[in-house]
Protein chains: 2
Amino acid sequence: MLKLSKKADYALMALQYMAMVRSGETSPFNPNRIVNTKEIAEEHHIPLELLAKVLQTLAKYDMVESQNGPKGGYLLAREPREISIAQVLEAIEGPLGIADCYHEKDEHAPCEQIEHCNIRTPLLRVQESIFHLLNSMSIEDMMAEPPLIIVESRKTKGVQL
Amino acid sequence: MLKLSKKADYALMALQYMAMVRSGETSPFNPNRIVNTKEIAEEHHIPLELLAKVLQTLAKYDMVESQNGPKGGYLLAREPREISIAQVLEAIEGPLGIADCYHEKDEHAPCEQIEHCNIRTPLLRVQESIFHLLNSMSIEDMMAEPPLIIVESRKTKGVQL
DNA sequence: TCAGTCAAGACTAAAATGGTCGGAGATCCA
DNA sequence: TGGATCTCCGACCATTTTAGTCTTGACTGA
């Protein structure tokens, strides 16, 4: 539950990687170098074609710029700090909302339950908190993180930050 | 994205309703009365059979107690404040985790990317925040909320609480 | 021109989700 | 006491979503 889709995972990985490359972290002698789909896919062991599709949508949403031809590839279209996690997730998976109270068939009609819905208001509060959190974090915040070695239990819950 | 499943919605609605009934809010003369699936389904306009299944799993996780036979139904097994939203979601949709870094086939093996995963640590931070939020809210917090009349735009994002 | 790159779409397989059905079990009352 | 009735229960099916693959085409630079 609440798990990110693979595509969203891949998008974040790719953007983080591009941000690292751009900063010169991975290859100090040529920051700003362009990276292509294959490189990212091999680096992270993810299927090439799927990543390609993800990068296409990121390009469509102006988060990366594509360059065609040999030596082509992608680069970040903005500063890493200007790309929020919320923006990435919305680009890949559509508008985010814990409670979106709209009819499935007709975007503009409210859902069947709305007249008798007792949980809407509190859920909207939860939703706003999550939005705020995801909007406040950017790709920059994902850089230079030492990978965790310890695989902690999935039972750890409710830990205060 | 991040949208709750129908089942999760129904579970929360049902629990909130049962909490209201129990408090005497809906029918002052007999609080603690037992309610059956049909009543909840009709009250909220949700399909009976699906709600039934949801209530079954809630019973399995000891959030409600079931009583069979005529005049049977469900009641809350605990105080509303002792049932957190996180518990409900986990009961219905399985363990929650933005990033669960496990192999799909083998629960105990880490996922393919973990060795080269650059986004794990920051995502775990996000995840912990959300866990904390969902654990800190209970069914009690969902009671006595006046329904919102205004249908606000789904474009409102990143609003500070 | 040619090889390497992105772009775009159709297509398939598998999983998750939403929804349905025919019972099994408990209670009530003649 | 025994059946009628009302409830929960668990297996089942249909649809949608997701993940992944494949093909074709267009663009670019050497």
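Lettering follows sequence order; numbering is per chain, from 1.
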Between P of D/dT17 and NZ of A/K6, the distance in whole Å: 19 Å

Euclidean distance, atom CG of residue B/L4 to atom P of C/dG18 [Å, nearest integer]: 10 Å

Could you go through nucleotides 5-12 of chain D and list every protein N or O atom that sits under 3.5 Å from one of its N or O atoms, giving the distance for each pair?
from	atom 1	to	atom 2	distance (Å)
D/dT7	OP1	B/N36	ND2	2.9
D/dT7	O4'	B/G69	O	3.2
D/dT7	O2	B/N68	OD1	2.8
D/dC8	OP1	B/T37	OG1	3.3
D/dC8	OP2	B/T37	OG1	3.1
D/dC8	O4'	B/N68	OD1	3.3
D/dC9	OP1	B/S66	OG	3.3
D/dC9	OP2	B/Y74	OH	3.2
D/dG10	N7	B/Q56	OE1	3.3
D/dG10	N7	B/Q56	NE2	3.3

Same cluster (ILVMFWY, side-chain, under 4.5 Å), A/L96 and A/V54: yes

Distance in angstrom units between B/D9 CG and C/dG19 P, rounded: 11 Å

A/R33 with A/E39: basic N within carboxylate O range, under 4.0 Å: yes

Atom-pair distance (CD on A/E39; C1' on C/dT5), nearest Å: 13 Å

Flag, side chain of A/N135 to backbone of A/H132, donor-acceptor distance under 3.5 Å: no

d(CG, B/L50; P, C/dT17) in whole Å: 12 Å

Separation of C/dC21 P from B/L51 CG (nearest whole Å): 17 Å

Between C/dT17 (P) and B/L89 (CG): distance, integer Å: 12 Å

A/R22 bridged to A/E79 by N-O distance under 4.0 Å: yes

Between C/dT17 (P) and B/E93 (CD): distance, integer Å: 6 Å

Pairs meeting criterion side chain to side chain donor-acceptor pair (under 3.5 Å) with involvement of residues 54-67 of chain A, two or more places apart: none

Phosphate-side-chain proximity, B/Y10 and C/dT17, N/O vs OP1/OP2 below 4.0 Å: no

Smallest separation among heavy atoms of B/V64 and B/M18, with atom names: CG1-CE, 3.7 Å

